[in-house]
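In what follows, chains carry the letters A, B, and so on, assigned in the order in which the sequence lines appear, proteins first and then strands, with residues in each chain numbered from 1.
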Amino acid sequence: WCNIRKPGKAIEILYEMIDVGYAPSNRTYNTLLDAFCNDGQVDEALKFFKFMKARGCVQSVPTAKSYSIQIVALAHSGRIEEALTLLGEMRNNGCIPDVATYTEIIEGFCIAGKLDEAFKVLDEMREKGYPPDIVTYNCFMKVLCRLRNVVEALRLFDRMVEAGCLPSNHTYNMLIKMFCDMGQLYMAYDLFNNMEKKGCAPDASTYCTLIKGLFDNARVEEAFSCLMDVTEKNMRLP
RNA sequence: ACGGCUGAUAGUG
């Protein structure tokens with residue numbers, strides 16, 4: 001808890017705590033790991049991780065989360081091979097990857113443009129009894145929307161619903177953006193109207209996406225009226 | 001009150 005977003009300072013404090021004979025908890029270690037990762041200091045995180053392992057006391061033994069935290073950081077920085085190595089180590093140390101961990105690996109492959117590998121992971125997690133959840137689906141949706149692959153994106157949308165996994169705000173927002181970027185505002189509106197009906201309230205991101213889409217497609221008046229709607233709802237746009 | 005998914009602008013590089 002004593003961690004602000006200054007991992008450099010925080011680690012000093014942690015070392016001090018240890019010197020004085022105080023044993024930081026598991027969460028403290030993980031929080032610090034995460035702080036390094038969020039600050040883009042992935043290598044510092046890895047270094048600190050080695051320290052954790054080297055200490056060999058109960059509290060510093062990595063948990064599944066310790067691994068997960070670093071896997072996502074590696075995946076996000078395109079270091080998918082290292083993420084996989086870490087996943088292997090995680091298993092060897094008796095930590096069980098969960099849906100989130102698998103999803104992180106999937107995202108890593110998607111970022112690296114290796115969609116086929118991502119699908120393999122999906123199969124693997126299914127085999128192990130971890131069905132994909134909303135975030136997993138959204139990772140795939142993200143790539144499909146980026147590629148503007150309308151057919152596959154909509155197919156995935158249907159499959160989510162069939163699988164009983166209700167599309168979230170994120171799902172809708174990505175699709176709406178794709179249609180805006182493609183100039184298919186009709187489709188964007190369609191989704192927008194649909195989400196309310198399905199009990200998924202548009203959020204600030206939704207409006208941002210839609211309003212920008214309208215502007216970019218030279219439909220300024222509609223953009224303004226959309227903006228009025230937002231202000232009426234007292235929603236604060238970032 | 002330790003981890004995974006979405007928009008935009010500005011800034012930084």
Original post:
Between atom CG in L144(A) and atom P in C5(B), what is the gap in whole Å?
Top reply: 17 Å
Subject >> Within residues 101-110 of chain A: residues closer than 4.0 Å to RNA chain B (heavy atoms) >> reply: T101(A), T103(A), E104(A), E107(A)
Original post:
Once you round it to whole Å, what is the distance between C1' of G4(B) and CD1 of I134(A)?
Top reply: 13 Å
**OP:** Please list, by residue number, the residues of residues 65-83 of chain A whose heavy atoms come closer than 4.0 Å to an atom of RNA chain B; answer none if no residue qualifies.
**Re:** K65(A), S68(A), I69(A), V72(A), H76(A)
Subject >> Whole angstrom value for the distance that separates P of G4(B) from CG of D34(A) >> reply: 6 Å
**OP:** Would you confirm whether the ring centroid of Y207(A) sits within less than 6.0 angstrom of the ring centroid of F192(A)?
**Re:** yes
Subject >> Positions of residues 173-184 of chain A (non-hydrogen atom under 4.0 Å from RNA chain B), listed by number >> reply: N173(A), M174(A), K177(A)
Subject >> Strand RNA chain B as a dot-bracket string - pairs counted if Watson-Crick or G-U with both distances under 3.5 Å, | where the partner lies in another strand >> reply: .............
**OP:** Ignoring the backbone of C139(A), work out which of U6(B), C2(B), C5(B) is nearest its side chain.
**Re:** C5(B)
**OP:** Starting at atom NZ of K212(A), determine the distance to atom P of A10(B), rounded to an integer number of angstrom.
**Re:** 10 Å
Original post:
Quick one: D203(A) CG to A8(B) P, roughly how many Å, whole number?
Top reply: 13 Å
Original post:
Excluding sequence neighbours, so at least two apart, what forms salt bridge (Lys or Arg N to Asp or Glu O under 4.0 Å) with E89(A)?
Top reply: K53(A)
Original post:
By ring-ring contact (aromatic ring centres under 6.0 Å, His included), which residues pair with Y172(A), not counting sequence neighbours?
Top reply: F157(A)
Subject >> Interatomic distance, L191(A) CG vs U6(B) C1' [rounded to whole Å] >> reply: 14 Å
**OP:** Provide, to the nearest angstrom, the distance between the CG atom belonging to L86(A) and the C1' atom belonging to G3(B).
**Re:** 13 Å
Subject >> Nucleic acid contacts - residues 88-100 of chain A versus RNA chain B, non-hydrogen atoms under 4.0 Å >> reply: D98(A), V99(A), A100(A)
Subject >> N217(A) side chain to G213(A) backbone, donor-acceptor under 3.5 Å >> reply: yes
Subject >> Below 4.0 Å: OP1/OP2 of U6(B) and any side-chain N or O of K142(A) >> reply: yes
**OP:** With sequence neighbours left out, write down each residue that passes side-chain hydrogen bond (donor to acceptor under 3.5 Å, both in side chains) with N93(A), or none if nothing qualifies.
**Re:** Y67(A)
Original post:
Rounded to the nearest 0.5 Å, how far apart are OH of Y137(A) and OG of S168(A)?
Top reply: 13.0 Å
Original post:
What parts of residues 44-51 of chain A reach RNA chain B, counting only heavy atoms under 4.0 Å away?
Top reply: none
Original post:
I106(A) versus M125(A): any side-chain heavy-atom pair under 4.5 Å?
Top reply: yes
**OP:** Please say which of L191(A), D190(A), D181(A), L185(A) ends up in a side chain to side chain contact (heavy atoms under 4.5 Å, CB included) with I176(A).
**Re:** L191(A)
Subject >> Exam field: side chain T28(A) to backbone P24(A), donor-acceptor pair closer than 3.5 Å >> reply: no
Subject >> Donor-acceptor pair between E104(A) and H76(A) side chains, under 3.5 angstrom >> reply: no
Original post:
Can you find a donor-acceptor pair, distance only, under 3.5 Å between N138(A) side chain and G4(B) base?
Top reply: no
Original post:
Is the shortest heavy-atom distance from the side chain of M174(A) to the side chain of L144(A) under 4.5 Å?
Top reply: no
**OP:** Kindly compute the distance separating CD (Q70(A)) from CE (M90(A)), expressed to the nearest 0.5 Å.
**Re:** 10.5 Å
Original post:
How far does CG of D39(A) sit from CG of D34(A), to the nearest 0.5 angstrom?
Top reply: 11.0 Å
**OP:** Consider only side-chain N and O atoms of S205(A) and N173(A), and report whether a donor and an acceptor are under 3.5 Å apart.
**Re:** no
Subject >> Separation of G4(B) C1' from M125(A) CE (nearest whole Å) >> reply: 10 Å
**OP:** Tell me, please, which residues at least two apart from N193(A) pass side-chain hydrogen bond (donor to acceptor under 3.5 Å, both in side chains).
**Re:** none
Subject >> salt bridge (Lys or Arg N to Asp or Glu O under 4.0 Å) partners for D98(A), two or more places apart >> reply: none
Subject >> N138(A) and T171(A): side chain donor to acceptor below 3.5 Å >> reply: yes
Subject >> For R91(A), all residues meeting side-chain hydrogen bond (donor to acceptor under 3.5 Å, both in side chains), sequence neighbours excluded >> reply: Y102(A), E124(A)
Subject >> Plane angle bin for Y29(A) and F48(A) - parallel if under 30°, tilted between 30 and 60°, otherwise perpendicular >> reply: parallel
